[in-house]
Amino acid sequence: MSETPTNTLQYRFDGPEDAPVLILGPSLGTTWHMWDRQIPELVQQWRIFRYDLPGHGGAPAHPVGSVAELTARLLATLDSFGVQRFGYAGCALGGAVGIELALRHPERIASLTLVATSPRFGTADEFRQRGVIVRTNGLDPIARTSPERWFTGGFAAAQPAITEWAVQMVRTTDPGCYIAACEALAGFDVRHELARIGVPTLVLVGSDDQVTGPAEARTLVAGIPDARLAVVPGASHLVPVEQPAAVTDLLVRHFSTAWQPAYDSTTGQMAIPAAPVKPVLTAAPQAVPQFAPQVTPIAEIAPPVVPPQPFGRPDPYDAGLKVRREVLGDAHVDQALARADEFSGDFQEFVTRYAWGEIWDRPGLDRRSRSCVTITALVAGGHLEELGFHVRAALRNGLTPDEIKEVLLQAAVYCGVPAANSAFRVAQQVIREETTPEN
């Protein structure tokens with residue numbers, strides 16, 4: 001461990017310096033200690049590299065707002081040690097980093113394990129709502145409910161010390177970094193890219209995981225050409241903590257038998273595994289089926305196909321739809337588009353293309369500032385229904401309830417007290433709905 005620059009991550013190494021490197025990536029709200037019980041066995045064959053997410057485990061609070069940015073920081077950290085090629089296992093957000101590595105930096109990764117991971121984690125709205133709760137109430141509500149998301153009820157009851165450790169791990173995380181990580185998960189969606197993952201992949205999930213469970217795991221296995229599934233019985237989301245022996249055994253078997261050779265820079269060739277049969281493995285500490293042997297013919301590496309770039313100004317509709325969903329939420333946008341018919345469809349397209357693709361997507365103001373302007377304009381115009389949508393959007397865009405109150409007080413001076421009075425009633429109701437933690 002050492003002083004951590006803003007473009008790198010807090011890290012630690014374990015194991016022999018001359019062994020191949022295996023990276024273990026953490027889940028949101030956890031630290032590298034979630035992998036502690038795997039280390040004694042893994043260091044017998046690998047040099048283990050673990051890292052903390054920004055603001056987690058005492059790491060410097062330099063937030064990252066996307067999985068791509070988190071991956072770039074990990075690679076910068078590894079580059080500083082000359083680590084060019086490695087195996088990778090990650091849990092949840094750590095698994096998303098593994099997918100990003102396999103898609104954008106395939107030359108760096110030799111073998112992959114995705115634990116409690118999904119190509120899309122719930123909906124963007126769910127994670128932005130979590131960010132609103134943390135921004136308003138701090139991390140305590142999230143910390144108190146973490147054990148029921150992470151562990152089965154029986155484990156939590158039988159292991160009170162581990163349960164309390166989990167609560168404290170979340171409670172001591174930097175709130176701003178936690179919110180930024182929620183944004184990173186909200187923007188992560190690689191469902192249509194899985195077929196491009198060419199590295200041998202083990203998809204590992206707890207049978208009782210209610211966060212990213214067997215259904216999400218099977219989506220990964222169906223989409224990744226060289227992937228196998230292992231379902232660990234009696235485990236929930238933090239399966240390496242709840243069933244350490246089973247997870248350790250699966251990791252050893254996978255990384256011992258499925259380590260893809262590096263590119264040969266002199267020939268431009270590499271060994272490509274033949275398309276495997278995909279058995280479903282049910283992991284248990286005592287008995288885990290052996291993987292089938294790999295056949296590795298030599299194949300030419302074709303250069304990537306670069307699609308032709310269109311001439312002229314790009315249509316802002318797709319960018320507008322993306323921004324509209326990020327600001328207003330999928331549920332609201334889906335409802336608006338579903339209501340559109342032959343009469344109103346052109347208007348919905350107009351709003352998406354010009355209001356959201358042309359104006360909201362401009363770089364001149366950040367989204368917080370645009371929310372302030374929009375709320376003021378809606379108060380002035382008396383558009384209370386739209387005001388409710390945009391108060392909710394302002395919370396997603398990072399405004400606190402106190403800041404929204406200040407905007408409305410300012411509007412009272414310039415738009416009139418009656419208009420602001422109605423606006424306060426609408427905003428009060430929305431803020432109460434959005435910032436009240438779920439029981």
Side-chain angles (χ1 to χ4, degrees), residues 19-25 42 45-49 51 67-68 70-72 74-75 78-79 83-120 188 190-205 216-230 247 250-265 267-281 291-305:
V21 173
L22 175 59
I23 298 173
L24 303 179
L42 296 181
Q45 296 186 54
W46 295 280
R47 181 159 173 75
I48 303 301
F49 177 97
Y51 64 91
V67 173
L70 179 59
T71 304
L74 172 61
L75 289 176
L78 295 170
D79 288 345
V83 176
Q84 292 300 309
R85 193 162 172 80
F86 45 81
Y88 185 94
C91 182
L93 178 52
V97 171
I99 294 176
E100 183 76 10
L101 286 165
L103 287 172
R104 323 296 174 206
H105 308 277
E107 74 285 354
R108 304 292 294 268
I109 191 164
S111 191
L112 177 64
T113 295
L114 303 175
V115 181
T117 302
S118 175
R120 183 193 187 203
F188 184 76
V190 295
R191 288 173 293 174
H192 303 300
E193 299 183 75
L194 295 177
R196 296 198 296 106
I197 296 178
V199 66
T201 303
L202 172 66
V203 178
L204 196 159
V205 65
E216 287 85 356
R218 292 187 177 96
T219 299
L220 288 171
V221 173
I224 299 173
D226 186 1
R228 297 167 176 80
L229 174 62
V247 170
L250 284 163
L251 292 178
V252 170
R253 290 173 182 272
H254 176 67
F255 288 112
S256 297
T257 59
W259 194 277
Q260 185 169 282
Y263 291 90
D264 187 333
S265 59
T267 65
Q269 296 181 334
M270 68 173 292
I272 302 292
V277 177
K278 294 182 178 179
V280 176
L281 305 181
F291 292 120
Q294 299 290 306
V295 181
T296 55
I298 299 298
E300 188 79 16
I301 297 298
V305 177

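The analysis underlying the following values was restricted to heavy atoms, covering all of them including side chains, and did not include hydrogens, waters or symmetry mates. Only a predicted model underlies this, so the values are computations on that prediction, with no experimental measurement involved.
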Taking every heavy atom of Arg108 against every heavy atom of Asp79, the minimum-distance pair comes out as NH2-OD1, 2.8 Å
message = Is there a side-chain contact between Ile224 and Leu112 in this structure, where contact means two heavy atoms from C-beta onward sitting under 4.5 Å apart?
response = no
Residue pairs meeting salt bridge (Lys or Arg N to Asp or Glu O under 4.0 Å), one or both in residues 90-103, sequence neighbours left out, come to Glu100-Arg104
Value for CG (Leu74) from CG (Leu78), rounded to nearest 0.5 Å, stands at 4.5 Å
### Query
Does the side chain of Leu229 reach to within under 4.5 Å of the side chain of Leu220, using non-hydrogen atoms?
no
Taken to the nearest 0.5 Å, the spacing of Arg228 CZ from Thr113 OG1 works out to 11.0 Å
For Ser111, the side-chain hydrogen bond (donor to acceptor under 3.5 Å, both in side chains) test, sequence neighbours excluded, returns His254
Between Leu24 and Leu42, is a side chain to side chain contact (heavy atoms under 4.5 Å, CB included) present by the stated rule, with each step listed?
-> CA-CA 11 Å; Leu24 303 179; Leu42 296 181; 4.1 Å; yes
Applying side chain to side chain contact (heavy atoms under 4.5 Å, CB included) to Pro20 and not counting sequence neighbours gives Trp46, Trp259
CG of Leu194 to OG1 of Thr219, rounded to nearest 0.5 Å, is 8.5 Å
Residues 88-99 side chain polar contacts: donor-acceptor under 3.5 Å, at least two apart:
residue, atom, partner, partner atom, Å
Tyr88, OH, Tyr51, OH, 2.7
Tyr88, OH, Gly94, O, 2.6

Hits for side chain to side chain contact (heavy atoms under 4.5 Å, CB included) against Ser118, two or more places apart or cross-chain, chain-then-number order -> Phe121, Thr212, Glu216
Check your understanding: Got Val247 and Val115 here, is their nearest side-chain heavy-atom distance under 4.5 Å?
Key -> no
Open item on the list: Is it the case that the side chain of Arg85 and the backbone of Glu107 share a donor-acceptor pair, with hydrogens and angles ignored and the cut-off at 3.5 Å?
Closed with: yes
What side-chain donor-acceptor pairs closer than 3.5 Å can you find for residues 195-203, not counting sequence neighbours?
residue, atom, partner, partner atom, Å
Arg196, NH2, Glu193, OE1, 2.6
Thr201, OG1, Val199, O, 2.9

